[in-house]
There are 2 protein chains.
Amino acid sequence: MNIKEASEKTGVSSAAIRYYEKESLIPAIDRTEVGNRDIDDRIIRRIRFVTQMRAAGMSIENLRRYIELFDAQEDNTKEQKALLKEQLEVMEEKRDDLQAAIDHLNYKLNHFYDHMEATEEELRQLEKQHAEKLNSAESDDIK
Amino acid sequence: MNIKEASEKTGVSSAAIRYYEKESLIPAIDRTEVGNRDIDDRIIRRIRFVTQMRAAGMSIENLRRYIELFDAQEDNTKEQKALLKEQLEVMEEKRDDLQAAIDHLNYKLNHFYDHMEATEEELRQLEKQHAEKLNSAESDDIK
DNA sequence: CCTTGCCTTGAAGTCCACATGAAGGTTTAA
DNA sequence: TTAAACCTTCATGTGGACTTCAAGGCAAGG
């Protein structure tokens, strides 16, 4: 499949795919006789992996280092796991921040009046609720 | 309080506070006789609101449009609620995407082998799990 | 043969969210 | 009175992640 088809299939622009290849976020892509990229499903999956991690807020730089480690043949399982865990923590924190902001907006939506003049009381309450949620690890308002 | 104290109190740089004021993300700040910003708790709260929404991934542009609506004196409660809900949806989707990526990484961490050559089977399983979670609205692995 | 439509590379441009620098003002302390 | 430590505005710089441009190649259709 050529780069345009790959672009349509993944929703990633042709230029971005070339950029990802250059930055080694995806493996070197095979070329046809005339030098055009010939993209297979393995590449498509890796483009999607990049997209997912990028959407989750991972930088190109970290993603590159991460992928380098995984692609290396040596047995660096330990470092790989450490890197994975590190990234997981970053993402979990991000998710929690996001959830706190969602709670904040939901609160505004439910107690709709002058949201901009929120009193310290309101804020303390929100923080309390958030702390409780993190402790109980039970009650969840997803969806 | 002067801008440096406000910066220390909020963790937002002085330059960023000036920038937020210029971009109308926070109200015009009162000045002292000599022209220095005199920042009160109302401004501090609004800086914190901006910080939270920025951390949640809201762009300056959208935040400005959002705040404009809220600051307008006319009764546009309806539009305000609509805007709030819209933003909530964006953020919830973002959170879910993030959670999916976390699940993905957790899966890799638990079934540690060649994550790069993940089969379609694995991916389908992940998607299934995600769908189930969204439906059940019960089981949550936060924290 | 020429246009259309795809592709290639390399370089330069763009957008965002600030950061930094220049040039100058005020207050306090030595 | 001079230096330190704040402040002001306005202009320019920066970094990341691409996007767009320039110049050209290949293959098919009319």
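Each chain gets a letter, A, B and so on, in the order its sequence line appears, and its residues count up from 1.
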If you round to the nearest 0.5 Å, how far is CD1 of B/I102 from CE of A/M91? 5.0 Å

Output the distance between atom CG (A/D30) and atom CG (A/D40), rounded to the nearest 0.5 Å. 7.0 Å

Short side-chain to backbone donor-acceptor contact, B/N2 and B/E5, under 3.5 Å: yes

Out of C/dC6, D/dC7, D/dT9, which has the shortest distance to the side chain of A/K4? C/dC6

How many Å lie between CG on B/N36 and C1' on C/dG25, as a whole number? 9 Å

Just to confirm, is there a sub-4.0 Å distance from OP1 or OP2 of C/dC6 to any side-chain nitrogen or oxygen of A/N2? no

Rounded to whole angstroms, how far apart are CD on B/E8 and P on D/dA5? 14 Å

d(CZ, A/R64; C1', D/dC18) in whole Å: 16 Å

At what angle, to 10 degrees, do the two end axes of the helix from C/dC1-D/dG30 to C/dA30-D/dT1 meet, given five pairs define each axis? 30°

Could you state the atom-to-atom distance from CE of A/M1 to C1' of C/dC7 in whole Å? 16 Å

B/R37 CZ - D/dC6 P separation (whole Å): 17 Å

Are A/R64 and A/E61 within salt-bridge range, i.e. N to O under 4.0 Å? yes

Within this structure, what is the CD1-CE distance for the pair A/I67 and A/M53, rounded to the nearest 0.5 Å? 9.0 Å

Measure from CD on B/E21 to C1' on D/dT8 and round the result to the nearest Å. 12 Å

What's the NZ-P distance between B/K22 and D/dC10, to the nearest Å? 8 Å

Is a donor on one side and an acceptor on the other found under 3.5 Å between the side chain of A/N62 and the backbone of A/R65? no

Starting at atom CZ of B/R31, determine the distance to atom C1' of C/dG25, rounded to an integer number of angstrom. 14 Å

Spacing of B/R42 atom CZ and B/I29 atom CD1 [to the nearest 0.5 Å]: 10.0 Å

Nucleic acid footprint by protein, nucleotides 14-22 of chain C - heavy-atom cut-off 4.0 Å, B for base, S for sugar-phosphate alone: ---BBSB--

Can you give each donor-acceptor pair under 3.5 Å made by side-chain atoms of residues 8-15 of chain A, sequence neighbours left out, with the distance rounded to 0.1 Å?
unit_1, atom_1, unit_2, atom_2, d
A/T10, OG1, A/A6, O, 2.8
A/T10, OG1, A/V12, N, 3.2
A/S13, OG, A/A16, N, 3.0

If the threshold is 4.0 Å, N to carboxylate O, is there a salt bridge linking B/E21 and B/R18? no

